[in-house]
Amino acid sequence: MTSTPGSAGPTAATTPPPSDPSPRVRRFTTAERLVHRATAWLVLICVATAACLYVPQLAELVGRRRLVVTVHEWSGLLIPVPLLAGLASRALRADLSRINRFGPHDRRWLRAALRRDHAPGSRPAGKFNAGQKLYAAWTAGAVLVMLGTGLLMWFTGLAPLVWRTGATFVHDWLALALGVVVAGHMAKALADPEARRGMRTGSVERLWARTEHPLWRETEE
């Protein structure tokens with residue numbers, strides 16, 4: 001049968017292809033970014049004031065030791081506040097649940113990291129990789145210990161002298177360890193511009209997400 005001009009109806013029109021997905025994917029909400037930013041500043045203030053208290057050259061340069069001690073004490077006490085306030089955010093609570101779960105793929109990620117294996121697919125990760133999970137857990141524990149030992153040092157009537165002496169020892173050495181770990185965290189962030197952009201703007205490139213966090217369900221189509 002031969003078709004005639006104009007015989008094709010509207011249903012014969014070519015259906016346009018679906019539009020491509022956005023090249024970027026949402027990673028963090030505004031509340032999550034604010035919690036991270038506020039916590040980061042408080043930790044950096046604590047580390048900086050601690051350095052001014054324990055490094056003689058910095059102590060001489062800054063002076064005003066009583067003021068530095070006061071800033072150090074209050075910034076330390078305030079560190080948990082942004083996270084506690086952020087618990088009102090459903091997205092933050094969901095991410096805390098993710099970061100507290102450690103699965104078989106995380107163990108595989110760690111083994112690959114220890115072997116320095118960067119082959120594609122060797123480091124499977126969800127929204128957070130195993131390194132980020134360990135960093136978050138270690139930092140949370142360190143902050144709680146620092147807070148407890150700091151209170152014993154600040155309020156001298158809370159415990160006998162031997163406890164305060166032990167608290168000072170733990171506080172000082174843990175502070176040094178925390179400073180080193182935070183420096184490592186910042187170095188990793190500086191080496192990954194897209195990760196920094198995700199924390200700054202809330203979104204990341206879809207290709208980056210699929211490459212670095214292939215098990216992250218939000219990146220699946």
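- Between Gln132 and His213, the closest side-chain pair of non-hydrogen atoms falls below 4.5 Å.
- Counting heavy atoms from C-beta on, the side chains of Lys188 and Tyr135 never come closer than 4.5 Å.
- Leu42 pairs by the side-chain contact (heavy atoms from CB on, under 4.5 Å) definition with Ser75, Leu78, Ile79, Pro82, not counting sequence neighbours.
- Residue-environment remark: CH2 (Trp41) stays at or below the threshold of 12 foreign heavy atoms within 6.0 Å.
- A cation-pi arrangement is not found for Arg210 relative to Trp216, the charged atom failing to lie both closer than 6.0 Å to the ring centre and inside a 45° cone about the ring normal.
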Side-chain atoms of residues 165-172: list all donor-acceptor pairs with protein atoms under 3.5 Å, sequence neighbours left out, distances to 0.1 Å.
| unit_1 | atom_1 | unit_2 | atom_2 | d |
| --- | --- | --- | --- | --- |
| Thr165 | OG1 | Leu161 | O | 2.9 |
| Thr168 | OG1 | Arg164 | O | 2.9 |
| His171 | ND1 | Met146 | O | 3.3 |
| His171 | ND1 | Thr149 | OG1 | 2.8 |
| Asp172 | OD1 | Tyr54 | OH | 2.8 |

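- Rounded to the nearest 0.5 Å, atoms OG1 (Thr211) and CG (Leu207) are 4.5 Å apart.
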Worksheet item: Given Thr139 and Val182, is the side chain to side chain contact (heavy atoms under 4.5 Å, CB included) satisfied, shown in steps?
Response: CA-CA 9 Å; Thr139 303; Val182 169; 5.8 Å; no
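- Side-chain contact between Pro23 and Arg206 is absent, with no heavy-atom pair separated by less than 4.5 Å.
- By the criterion of side-chain heavy atoms lying less than 4.5 angstrom apart, applied directly or through intervening Ile, Leu, Val, Met, Phe, Trp or Tyr residues, Val55 is not grouped with Leu176; the two fall into different hydrophobic clusters.
- Across all non-hydrogen atoms, the minimal contact from Met186 to Leu44 is SD-CD2, 4.1 Å.
- Checked against side-chain hydrogen bond (donor to acceptor under 3.5 Å, both in side chains), Glu194 has the following partners two or more places apart in sequence or in another chain: Arg24, Arg197.
- Note that NE2 of His36 is 11.5 Å distant from CG of Leu34, once rounded to the nearest 0.5 Å.
- Other members of the hydrophobic cluster containing Leu147, listed by chain and number, are Trp74, Leu77, Leu151, Leu152, Trp154, Phe155, Leu158; membership follows side-chain contacts under 4.5 Å among ILVMFWY residues, whether direct or relayed.
- Checked against side-chain contact (heavy atoms from CB on, under 4.5 Å), Ala50 has the following partners two or more places apart in sequence or in another chain: His72.
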Listing, residues 56-68 side-chain donor-acceptor contacts under 3.5 Å, not counting sequence neighbours, or none:
| unit_1 | atom_1 | unit_2 | atom_2 | d |
| --- | --- | --- | --- | --- |
| Arg65 | NH1 | Leu53 | O | 3.3 |

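- Going from atom CG of Leu215 over to atom CG of Asn129 covers 11.0 Å, rounded to the nearest 0.5 Å.
- In this structure, Arg108 and Pro124 approach most closely via the heavy-atom pair CD-CG, 3.7 Å.
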Item to complete: Output, in order, the C-alpha distance, side-chain angles, deciding distance and verdict of side chain to side chain contact (heavy atoms under 4.5 Å, CB included) for Arg33 and Met199.
Response: CA-CA 6 Å; Arg33 302 200 312 274; Met199 187 53 71; 4.3 Å; yes
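- Judged by the 6.0 Å distance and 45° axis criteria, Arg37 is not positioned over the aromatic ring of Phe28.
- Placement of Val35 and Leu144 in two distinct hydrophobic clusters is found when ILVMFWY residues are connected by side-chain heavy-atom separations under 4.5 Å, directly or transitively.
- Listed for the Arg196 side chain is a donor-acceptor partner under 3.5 Å among the backbone atoms of Ala189.
- Remark: the Thr70 side chain and the Glu73 side chain contain no N/O donor-acceptor pair separated by less than 3.5 Å.
- Looking at heavy atoms from C-beta onward, Thr39 lies out of side-chain contact with Val81 at the 4.5 angstrom threshold.
- Looking at Arg123 and Asp117, no side-chain N of the basic residue comes within less than 4.0 Å of a carboxylate O on the acidic one, giving no salt bridge.
- Between Arg101 and Ser97, the shortest heavy-atom contact is NH1-OG, 2.8 Å.
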Discussion item. Please evaluate residues Val25 and Ser203 with respect to the criterion side chain to side chain contact (heavy atoms under 4.5 Å, CB included), reporting the C-alpha separation (whole Å), side-chain torsions for both, the decisive distance (0.1 Å), and the verdict.
Written reply: CA-CA 5 Å; Val25 61; Ser203 65; over 6 Å; no
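- Gly131 and Trp109 get closest at one heavy-atom pair: N-CZ3, 3.4 Å.
- Leu92 places a side-chain heavy atom less than 4.5 Å from the side chain of Leu83.
- Nearest heavy-atom pair, Ile99 versus Lys133, reported as atom, atom and distance to 0.1 Å: O-CG, 3.5 Å.
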